[in-house]
Structures are given as structure tokens and as C-alpha cells.
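As C-alpha cells, the structure follows; a few thoughts come after it.
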Amino acid sequence: KGPQDEIGRLIQTINGMLERIQHVYQSMEEAYRRQRRFVSDASHELRTPLTTIRGNVELVEKMWQREEDGEQPISEEVMTLSREAFEDISAETERMSRLVNDLLSLARADAGKVIERVPLPLLPIVEEVVRRAQFLPRSPDVAWRAEDLSPFHDVFVCGNRDYLQQLLFIFIENAFKYTEKGEVVLQVQKTDEQAGIRISDTGIGMDKEEVPMIFERFYRADPSRGKVGGTGLGLSIAKWILDEHEGSVEVYTRKDQGSTFIIWLPIWKGRDNLAEEE
Ligand code: ADP
């Protein structure tokens, strides 16, 4: 073995290092590109409601100015137009505040926020969501029901109550938003290791090809189909909450038939398990 071998090995090591550096550089560039797109998509989404709001405010201002200049009492017509303008303003403000809340959640996720978790019984969490979901907006032709929840009677997860509820609401709200008639049903199931919460609807469904994309920020499958204006952020928040809980989601869907989402959470067996093994 001469110095040539040494140099050969050295070159190999350096090449390996260079490859790794390039790999890190590429993923940093990719992360940076994604971040920039997120910021630009977010500002675009915020600008749209702002434009509508500003336009309506200006319209009302002008109409009222004209009436005042004419020193006439405010006419019926201007009153009606103003009311419509205010309805638009109110709807857009509502949308914007939802958007800002979603953006804040994702910004926290990007900043590396860790969701604090403790062992919790899963049943009361699901029960409360089932009860509160009846007050969410949905078409009058859509029924909402939960099947037998007893499989969860002794199930614990290591989780955060508020975030788990937010997670379930995201899927239920979507089921309501994208279903015009039929029913939305929540069922529970469990394996040795996992607790599953299944939310199925009889709504518009999706193309299979769209499924991998729906968890991306701002992705909306064929937005013209859904009448309700969503933000396209719900499922990306759901994905973050799931990742933080070491959970996963299964999606089954068929266009014009409906969709089923199964949310899987690892069952917490901490203390019981230890006790059994001892
Ligand atoms: P959005 O605010 O648009 O609902 P989400 O991130 O929650 O955003 O969902 C992304 C897209 O996934 C939706 O725009 C919709 O196209 C599709 N989607 C989600 N849930 C359902 C469902 N239950 N039925 C049909 N399509 C759905």
C-alpha cells in the first residue's frame, strides 16, 4: 500500500463529503423555495378579500357622499345597496379572519412549535366533537351521526385535547362542505396499536390523482366544484397535528360518490403496559 492508495481514499472521502454537502444544499434550497411560495400564495389569498372589502367601503362612502351633497334624505335604493355592500364586507372579513388564523397555525408549525401532549382518554374528546359538530353549517339534506363509540371506552392516547379536537373538526367540516345530500358518519375502530376515527361522507368525492395533493398548502381540488370558499389550508394543518401525534391518515374517495378519511392515532399504553409486564 503506497501513498497512492492513501490519496485515492482521501479523494473518495472528499467526494462523499461533497455529495452530502450538495444534498444538504439542495434540500435547503427546496425549503427556501417552498417558504417563498407559501409567503407569496398567502399574500395573494389575503389581497383578494381586502380588495373586495375596500371596493365595497368606497362604494358606500361615495353613495352616501352624493346623498349628503344633494341634501336629500337617504333613498331606499342607497340603503339597500349599502346593506348588500356590508353583507359582502362581513362575509369577506369572516373569510379573512379564518385565513389569518390558519396562516398563524402554519407559521407556528414552521417555527418548529412542538404540541404539548399528555396521556388522555380518547372517548370524551370524540364525544364532545360529535356533539359540537351538529352546530356546524351543513346542507339541510345532509344528516350527521356517530355510530357506537364504545370501542374507545378504555382507549388512551398521548395527545393534546384542543389540537385533537381541531383535527377532527377539520375533517368533519370538509365532509359537510363537500356534501350536498346524504349523510356524514363518524365511526370508531381499533387495533392492538392504533385507534381509528373514520369520517365518511356521500359528497362530491375526488379523483384518485388528487389525493396526494390535498394535504399541500393552498391546494384545492377543482375549486369551482366546491361552493363554499375554503382556504385550502385545513388539511395541511391537519397533517401537522397528525405528525405531532405520530398519527396517520387513510383516504378513500370516488368522484361523485363520496370520501372516507380514517385518522389513526397510536394508543397510549404507558402505565398499563408496564404494570402488565411486571
Ligand atoms: P379547503 O379549505 O379548500 O377545504 P383543505 O386543505 O381542507 O382546504 O382541503 C383541500 C381540498 O381537498 C379541498 O379544496 C377539496 O378539494 C378536497 N377535499 C377535502 N375534503 C374533502 C371531502 N370530504 N370531499 C371532497 N373533497 C374534499
Compare all side-chain heavy atoms of [X] with those of [Y] and state whether any distance is below 4.5 angstrom.
X: Val185; Y: Gln187; answer: yes
X: Leu81; Y: Met63; answer: yes
X: Phe38; Y: Leu103; answer: yes
X: Met96; Y: Leu46; answer: yes
X: Asn174; Y: Ile199; answer: no
X: Val142; Y: Val184; answer: yes
X: Thr260; Y: Val251; answer: no
X: Ile267; Y: Glu193; answer: no

Tell me if the [atom1] atom of [X] is crowded by more than 12 foreign heavy atoms within 6.0 Å.
X: Phe218; atom1: CZ; answer: yes
X: Glu19; atom1: CD; answer: no
X: Met213; atom1: CE; answer: yes
X: Glu128; atom1: CD; answer: yes

Presence of salt bridge, [Y] and [X], under 4.0 angstrom:
X: Lys239; Y: Asp243; answer: yes
X: Lys177; Y: Glu173; answer: no
X: Asp154; Y: Lys190; answer: yes
X: Glu58; Y: Lys62; answer: no
X: Arg47; Y: Glu45; answer: no
X: Arg117; Y: Glu246; answer: yes
X: Arg34; Y: Glu30; answer: yes

Using every non-hydrogen atom in the two residues, find where [X] and [Y] come nearest and quote the distance to one decimal.
X: Arg198; Y: Ile262; value: NH2-CD1, 3.7 Å
X: Met206; Y: Ala221; value: CG-CB, 4.4 Å
X: Ala238; Y: Leu167; value: O-CD1, 3.4 Å
X: Ile197; Y: Leu122; value: CD1-CD2, 4.5 Å
X: Tyr219; Y: Ile214; value: CD2-CA, 3.8 Å
X: Glu116; Y: Asn160; value: O-ND2, 3.0 Å

Kindly indicate, with the supporting measurements, whether the criterion side-chain contact (heavy atoms from CB on, under 4.5 Å) is fulfilled by Trp64 and Val78. CA-CA 8 Å; Trp64 284 66; Val78 166; 4.0 Å; yes
Using the ring of each side chain (for Trp, its six-membered ring), is Phe171 parallel, tilted or perpendicular to Phe215, with breaks at 30° and 60°?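 Taking Phe215 first and then Phe171, their aromatic rings sit tilted (interplane angle of 30° to 60°).
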Do the ring planes of Phe156 and Trp268 sit parallel (below 30°), tilted (30 to 60°) or perpendicular (above 60°)?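 Tilted.
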[atom2] on [Y] to [atom1] on [X], rounded to 0.5 Å:
X: Ile172; Y: Phe261; atom1: CD1; atom2: CZ; result: 12.5 Å
X: Phe135; Y: Trp144; atom1: CZ; atom2: CH2; result: 12.5 Å
X: Ser248; Y: Leu242; atom1: OG; atom2: CG; result: 7.0 Å
X: Arg9; Y: Ile7; atom1: CZ; atom2: CD1; result: 11.0 Å
X: Ile53; Y: Thr93; atom1: CD1; atom2: OG1; result: 4.0 Å
X: Thr253; Y: Asp207; atom1: OG1; atom2: CG; result: 8.5 Å

Non-neighbouring partners of Glu250 that pass side chain to side chain donor-acceptor pair (under 3.5 Å), sequence neighbours left out: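 Glu250: side chain to side chain donor-acceptor pair (under 3.5 Å) contacts with Tyr252, Trp264.
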State yes or no: are the ring centers of Tyr163 and Trp240 separated by less than 6.0 Å?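 Centroid separation for Tyr163 and Trp240: below 6.0 Å.
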Counting N and O atoms only, with roles assigned by atom type, does the side chain of His44 sit under 3.5 Å from a partner on the main chain of Ser40, one being a donor and the other an acceptor?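 No; judged by distance alone, with no hydrogens or angles, the pair does not exist.
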